[in-house]
Engineer: 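One structure is given below, represented as structure tokens, and several questions about it will come after.
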Amino acid sequence: MSVPPSATTAGTRDAAAPGVPARMRALVVLEPNRFEIQDVPVPAPGANQVLARVRAVSICGTDAHLVRGDYPGFWPPSFPFIPGHEWSGDVVALGPGAGMLGWSIGDRVAGTSHDACGVCQKCVEGRYNLCENYGVEGLHRQYGHNAQGADATYVVHGVKAVFRLPDGLSYAEGAVVDPASIALHVANRGGVRPGDTVAITGAGAIGLLAGDAALVRGAGRVIVLENNPARIAKATALGFETVDSRAADTVAEVRARTGGLGVDVVLECAGVPATVQLALAMLRRGGRCAAVGIPTKGVEIAMQRIVLDELELVGCRASAGEMRQVMPLVEQGRLRVRDVTTHHFALDDYARALATFNDPTSGAIKIIIEP
Ligand SMILES: [Zn+2]
Ligand SMILES: [Zn+2]
């Protein structure tokens with residue numbers, strides 16, 4: 001079995017656009033909470049990989065955690081590290097095999113993080129987000145998590161992790177296709193059916209796009225729970241019913257609005273213990289909670305209700321197949337990536353961009369970096 005070389009080892013360029021420089025600008029995180037923009041070598045694409053000029057990359061909650069050092073030894077495995085995994089750009093060089101697989105210089109692409117092994121049983125079954133060779137050198141990489149990310153002027157990706165960006169979509173929109181694919185994955189995992197009442201906990205980018213994805217799947221009603229006033233206003237402006245989760249009894253409020261029954265599905269997009277408990281408490285009997293937020297600590301679960309009311313709680317990791325599926329939905333404005341994009345910054349301004357992202361009063365949802 002041949003394995004692609006790591007993105008940081010030199011491969012042979014099958015073909016390259018003229019003018020690809022030897023060095024690039026990149027956001028380098030030196031240690032938790034210390035980063036700078038550095039001049040570093042442009043990586044060379046290995047087998048079945050492409051080199052892309054990054055045009056837009058959006059800040060994800062995971063990036064903020066990673067810069068803070070919240071996942072020590074895992075994301076990233078070590079510092080220094082270049083984050084960024086929600087991006088779009090142009091293919092400027094092809095590694096061996098990429099041309100044969102249909103890729104050309106000049107292709108506009110949107111990237112995603114998982115470049116899985118493709119041969120383990122989970123990959124064979126199409127669940128490459130659960131690759132059994134996760135993080136094994138030479139078999140699996142997750143860009144911006146355990147392999148160099150896209151917060152740079154250039155990035156190398158395996159062809160499994162790039163998707164054609166339709167002409168109708170801008171680079172800024174392309175940088176939000178990855179989170180849109182995750183939102184669709186959450187709604188798919190939630191098993192939203194036509195007419196369902198769906199609650200969303202957390203009106204960040206994933207929450208708002210998951211609301212759209214629930215509607216795509218036929219939800220009759222989407223209720224967004226959020227505690228940040230700016231985000232409540234955003235959810236309302238997007239036409240969602242909202243509940244201020246700072247209210248004394250949010251569960252009672254949701255039950256009152258659903259004839260005392262609760263909601264059919266909750267898409268848990270906040271990732272804090274209290275919202276996970278809230279999500280389970282507002283489910284209708286037989287309801288399902290699909291959780292994509294990742295709490296940094298354990299959560300006490302009301303197991304009696306899960307058993308006696310046949311509740312379901314399922315996890316959602318990244319996306320698996322939804323990048324291609326979500327592209328036309330984004331193009332048609334059914335997953336409203338432009339509406340969740342609030343700020344644009346240059347790569348040199350990353351510190352200001354991240355501070356804006358982390359400031360709950362800034363109104364920031366999706367922040368686009370243009371390297
Ligand atoms: Zn992300
Ligand atoms: Zn695999």
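Order of listing sets the numbers, starting from 1, for every ligand and every atom in it. FYI, the numbering just counts along the sequence from 1. The structure displayed is predicted, hence computed values, not measured ones.
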Engineer: Quick check: do Arg217 and Asn188 have side-chain heavy atoms less than 4.5 Å from each other?
Structural biologist: yes

Engineer: Salt-bridge test for Asp90 and Arg53: reply yes if a basic N is under 4.0 Å from a carboxylate O, no otherwise.
Structural biologist: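 Result for this pair is no, no salt bridge flagged.
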
Engineer: If you stand at the Zn ion (ligand 2) and look out to SG of Cys123 and SG of Cys117, what angle do those two lines make, to 10°?
Structural biologist: 110°

Engineer: Would you say Ser58 and Glu86 are linked by a side-chain donor-acceptor pair, where the criterion is simply a distance under 3.5 Å?
Structural biologist: yes

Engineer: Taking C-beta and beyond as the side chain, do Thr242 and Glu226 meet within less than 4.5 Å on heavy atoms?
Structural biologist: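 They are not in side-chain contact.
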
Engineer: Specify whether an N/O/S atom of His140 falls short of 2.8 Å from the Zn ion (ligand 2).
Structural biologist: no

Engineer: Do any of the N, O or S atoms of Asp178 sit under 2.8 Å from the Zn ion (ligand 1)?
Structural biologist: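 False for Asp178.
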
Engineer: Give the atom name of whichever N/O/S atom in Glu86 sits closest to the Zn ion (ligand 1).
Structural biologist: OE2

Engineer: Could you tell me the angle subtended at the Zn ion (ligand 2) by SG of Cys120 and SG of Cys131, rounded to 10°?
Structural biologist: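 Nearest ten degrees: 120°.
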
Engineer: Can you tell me, to 10 degrees, how wide the angle at the Zn ion (ligand 1) is between NE2 on His85 and SG on Cys60?
Structural biologist: 100°

Engineer: Let me know which of Asp151, Thr112, Val176, Val155 forms a side-chain contact (heavy atoms from CB on, under 4.5 Å) with Trp87.
Structural biologist: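 Of all the options given, the one that passes is Val155.
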
